[in-house]
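Remarks on the structure that follows.
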Protein chains: 2
Amino acid sequence: MVGIMDGEHVRERIGGVNQSGVRDYNERLLLSMLQRNGPAAGGDMARRAGLSPQTVSVILRKLERDGIVKRGEPVRGKVGKPSIPMELNPDGVFSFGLKVGRRSADLSLLDFTGQVRKQLHLSYTYPMPQEVFGFLETGVAQLAADLDEDARARLCGIGIAAPFELWKWHDLVGAPEQDFLSWRELDIAQIVGQFSDLPVFVVNDATAACRAEHLFGKTKDYRDYAYFFIGSFIGGGVVLNGTVYEGNQGNAGALGSMRSTGPLGESRQLIDVASIHLLERRLVEAGLDTDMLWGHPQDWSQLSRYVDPWIGETAQELAKAALSICSVIDFEAVVIDGAFPENVREELVERVQRYLANQDVRGLIPPEICEGSIGENARSMGAASSPIFTQFLLNTNAGLSSI
Amino acid sequence: MVGIMDGEHVRERIGGVNQSGVRDYNERLLLSMLQRNGPAAGGDMARRAGLSPQTVSVILRKLERDGIVKRGEPVRGKVGKPSIPMELNPDGVFSFGLKVGRRSADLSLLDFTGQVRKQLHLSYTYPMPQEVFGFLETGVAQLAADLDEDARARLCGIGIAAPFELWKWHDLVGAPEQDFLSWRELDIAQIVGQFSDLPVFVVNDATAACRAEHLFGKTKDYRDYAYFFIGSFIGGGVVLNGTVYEGNQGNAGALGSMRSTGPLGESRQLIDVASIHLLERRLVEAGLDTDMLWGHPQDWSQLSRYVDPWIGETAQELAKAALSICSVIDFEAVVIDGAFPENVREELVERVQRYLANQDVRGLIPPEICEGSIGENARSMGAASSPIFTQFLLNTNAGLSSI
DNA sequence: CTATTAATAAATCAAGTTTATTTATTTATT
DNA sequence: AATAAATAAATAAACTTGATTTATTAATAG
C-alpha cells in the first residue's frame, strides 16, 4: 500500500531507485489517473499508462483489497466481455484540513474524492494560537467521533493552511504585536502532536487553495499554471508539470509579493493593491458594515458602488502581474479565484483578459486567464488534500528520487 | 546504455515505470553524481545514492565497458583495500553547440567534462539563416574531420542556442523585415538533418547559458536559482530542483520580458533597460567604436565613463526583477553572468546586492545574488551540453515518467 | 599476521512482461 | 429462438530484468 496503513510516511531520499520504488510510483500513477480523469477500466488505464494489462490488474486488485478503489457498474453494449471501471472509493481515505484566515478558521473533513463531509467554523477578530489550536483539537475529536471505526482508521492526516510568516501581520490585522509574535515561535507539528497521532502537513494558504483547485476544480487540465487566491490578502500558487509546486523552501507562488508600481512611481506589492482588505477598508471609511463581505452565501450586490472600482483596479494589477509571472515560468494559464461571489470572480477574470490585451507581451507566450471554480472553501479543502496527495498521489516534480 | 550507442533517442512517455526505466534512471543518477561532484569510488556512490554496492558496481562496470567512465588512480593511505575512484571519461562523449547571437555565431565542440575542445567563430551585421547554417554545416564537417574514428562515433548531438522568436528582432538589429522573417518559417531540425544525422536540440540562448553554468560553472550548488545572461539583449534561465527547467513550451526563464516601470510610470521590459545594446547605443551616440565592447579578451576599462552608469542602472533593474522572480518561485539565489569582462560582472553583482537591501521583501525569502563563472562562452557551451544532458544525465524535474 | 575495507560473484527477491486461458458479451447464422 | 463465432476483458503461470543479500577475494595499514 502506498502509505497510511503501514504507517510509512514521507521519506526524503536523494537517490537511486529500486523495485519497491517502482511499485509505489505505479500505484500512485494509477490512483492519480483515477483522481484526475475519473473511473476507468484496467485495460484502458494500462494503455494510457504504457503498462501491461497484467501489471495494472495486479495493482488494482491490491488497491481494491485495501479498500481505496472499488468496482463500478460493468459497461455493456460493446462487443466482448463488459469492462469494469474502477474508481476511487470515497470512503477509502479521509483527511482533516484547517484553514487559518484573517477573520476566521475552518476545519473540514474531506473524503478521498474531495467531498467536504463535515465542516466547522470559528470566527475571531484576529487569530491567536491558543484559540485556533483549541478549535482544532475539539473539532478533530468531534468530527472523528462521528465516523465509524473503519473510517476513523482511514484518516490519513491533518493539513494546516496558514499565511507565510503570519506573525508579521500584527499591524495589518490590528493585533498587539507582542501577543501576535507568539505565532513565530510555534512548532505546529509538535502542538498538534500533543493531541493527535495523525501526520501533520503545514502549507501556505494560497498554495493549499491552488491544490484544491488542481485536484478537485473544474478548470481545464493545464500542465502549468499560476493561481491567484484573493482573500483578505491576495496569495498565489504554482502548478508545474501537472503537480502543485510548493517550492524548495515552501514559499513558491508568493504572488502577493509581486512588485507593482504606484502612480508616483513608488514600489508596492500586489498584496497592497489587489486584496479584499482594500475593499473592506473603503467600506469602513464609508461607514458601512463589513460583515456583508463575508456572509454565507456571499452576496456583494448591495456594494457595487465600491466593488466595481475595486474589481477594475485589481484586474489591472493582476494583468500586469500575470505577464511578469509568465516571464519566469511559461505558464499556459493564470487561474483566478477568491473568497468572493461567483459573479465578482467572473467580472474580474473578464476584466483581466481585457487589460491583458493592451500589455507588452514581447518575448512571452501570453497565458490564458481563467476562473477558478471552488471559491472560499478552497483553502481548507486544499489543506485537507495535502495529506492525501503526499501519501497516495503522484508528485511529477519529484521524480522517483524523493518519494 | 543510456542512449546514444543504440540510437535510442528521447521518447516522451506519459506513464508507468518498468525495470528498464529503473536502470536508465540509476545510470543517469550515477553519471550525474560524477558530473556534479567529481570522481568517486563505487562504494561511496552507493552510499550517497542509497543503492547497494553491488548495483553500483554492475552499473559502473557497464559504463566503463561503454567507455563513458574510466578508472582513476587507486587511493591508498587508508586501512583496507584501496578504493578506485571512477570518473567521467572526457573522451567518452562529444557534442556540438551552436550559438546564434546578435552580431556573431559560435560553434563549439565540447567533451563529456565540459571542456571546449575546438571552437569556430562567425561575425555578421545581423544573422541570416543561409549564412548561419552554412557556417554550421562546414564547421561541423571540419571539426568532425579532426576527430579520430572512435571519437567521431561518440558525437551525441548538435545543440543550437538562439533567442526566442528571433524573427521579431528585425528592428532591433537593423535587418530588412522581409528577409528576417524567413527565420520564422524555419524548421531547424529539418535543415540540420539535411547534412547531419546527429540529433538536434534547439534551446533558448539564455537557457543554454544557464545550463552551461549549472553543469560546468563554479557557482555554489544551489537547488533552485534564477539566472541572468546579459548579452546584447538580456535573457534568463531557471533551475528547479537541481535541473535546468526549460518550461513546457520551452520559454521558461524569459526574464528579459519581466515588467519594469519607467520614471514616468510607463511600462517597459527588462530587455529595454538592462541589456548591453543600451550601452552600445550610448557609445554610438558618443561617436565611439563599439568594437571595443566585443573584443577578445574583453576589456572595457577605456569605457568606464559610459560603463559605470550603465552598471548602476542595470543593477537597479536587476534588483527589482530579482524579487518579482522570487515571488513566483522561491529561488535560493539569483546568478548573474553575461558577455562582459569579469570586473564588470563583479561590480554589477555587488551593486545588485546593495540595491536589494533597500527593497520591500515582505512575504519573500530574499535570494542570494551571485556571479556566474563562465561568461561569454556560456551560450555555445550550454547549447552543446543539451544533447549530453538529454542522453546521459538525470532530469530531476521529469521524474521517471518522461525519460 | 590480522583487522579492515573495497570490489564483485552467486543466490535470492521483487516487480513488470509475455503468453495462454477463462469468462462474458455481441454479432452472425441457422 | 437457438447456437456458434468473434471479440474483448481479466487474470493465471512462466519468464525476464534488475536490485538486494550474503559470501568471497583482494589489497592494504598497522
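In what follows, every chain begins at residue 1, and chains take the letters A, B, ... in the order their sequences are listed. For clarity, every value in this text was computed on a predicted model and none was experimentally measured. The figures here come from the full heavy-atom set of this structure, side chains too, leaving out hydrogens, waters and symmetry mates.
- For the 3.5 Å distance criterion, the side chains of B/T243 and B/N241 fail to qualify, holding no donor opposite an acceptor.
- Remark: P of C/dG16 and CG of A/L29 are 11 Å apart, rounded to the nearest angstrom.
- Each of D/dA10, D/dG18, C/dT8 was ranked by its minimum atom distance to the side chain of B/R23; first place goes to D/dG18.
- Here the side chain of B/R154 pairs no donor or acceptor atom with the backbone of B/V93 at under 3.5 angstrom.
- Cation-pi check for A/R117 over A/F94 is not met; the charged atom does not lie both under 6.0 angstrom from the ring centroid and within 45 degrees of its normal.
- Within the 4.0 Å cut-off from OP1 or OP2 of C/dG16, not a single side-chain nitrogen or oxygen of A/T55 is found.
- Side-chain atoms of A/Q54 and base atoms of D/dA10 include no donor and acceptor less than 3.5 Å apart.
- Distance, B/D44 CG to C/dT5 P: 14 Å, rounded to whole Å.
- For C/dA24, the OP1/OP2 oxygens have no side-chain nitrogen or oxygen of A/R76 closer than 4.0 Å.
- Formation of a donor-acceptor pair under 3.5 Å by the B/E213 side chain with backbone atoms of B/S373 is found in this model.
- For DNA chain C, if you chain together Watson-Crick or G-U pairs that step i with j, i+1 with j-1 and so on, the runs of at least three with distances under 3.5 Å are C:1-30 with D:1-30.
- Between A/L51 and B/R61, the residue whose closest nucleotide on DNA chain C is further toward the 5' end is B/R61.
- Following rounding to the nearest Å, A/E73 (CD) and D/dA9 (P) show an atom-to-atom distance of 18 Å.
- The distance from atom CD of A/E27 to atom C1' of C/dA15 is 12 Å, rounded to the nearest whole Å.
- In this structure, NZ of A/K81 is placed 5 Å from C1' of D/dA9, rounded to the nearest angstrom.
- For the pair B/M86 CE and C/dA7 P, the interatomic distance rounds to 9 Å; values are reported in whole Å.
- Here A/N26 does not reach the OP1 or OP2 of C/dA15: none of its side-chain N or O atoms lies under 4.0 Å away.
- Put simply, OG on A/S386 and CD on A/Q391 are 10.5 Å apart, with the number rounded to the nearest 0.5 Å.
- Look at OH on B/Y25: it is 18 Å from P on C/dA15, rounded to the nearest Å.
- Each of A/Y225, A/F389, A/Y227 was evaluated against A/H214; a single residue qualifies, A/Y225, per the ring pair (Phe, Tyr, Trp, His ring centres under 6.0 Å) test.
- Using a 4.0 Å cut-off, no side-chain N or O of B/S52 falls inside it from OP1 or OP2 of D/dA19.
- Going from atom CD1 of B/I84 over to atom C1' of D/dA26 covers 10 Å, rounded to whole Å.
- Residue contacts shown for B/S83 are limited to sugar-phosphate atoms, with no base heavy atom under 4.0 Å away.
- Between A/I59 and B/R71, the residue anchored closer to the 5' end of DNA chain C is B/R71, taking for each the nucleotide with the nearest heavy atom.
- Of all non-hydrogen atoms in B/P387 and B/A383, the two that sit nearest each other are CD-O, 3.3 Å.
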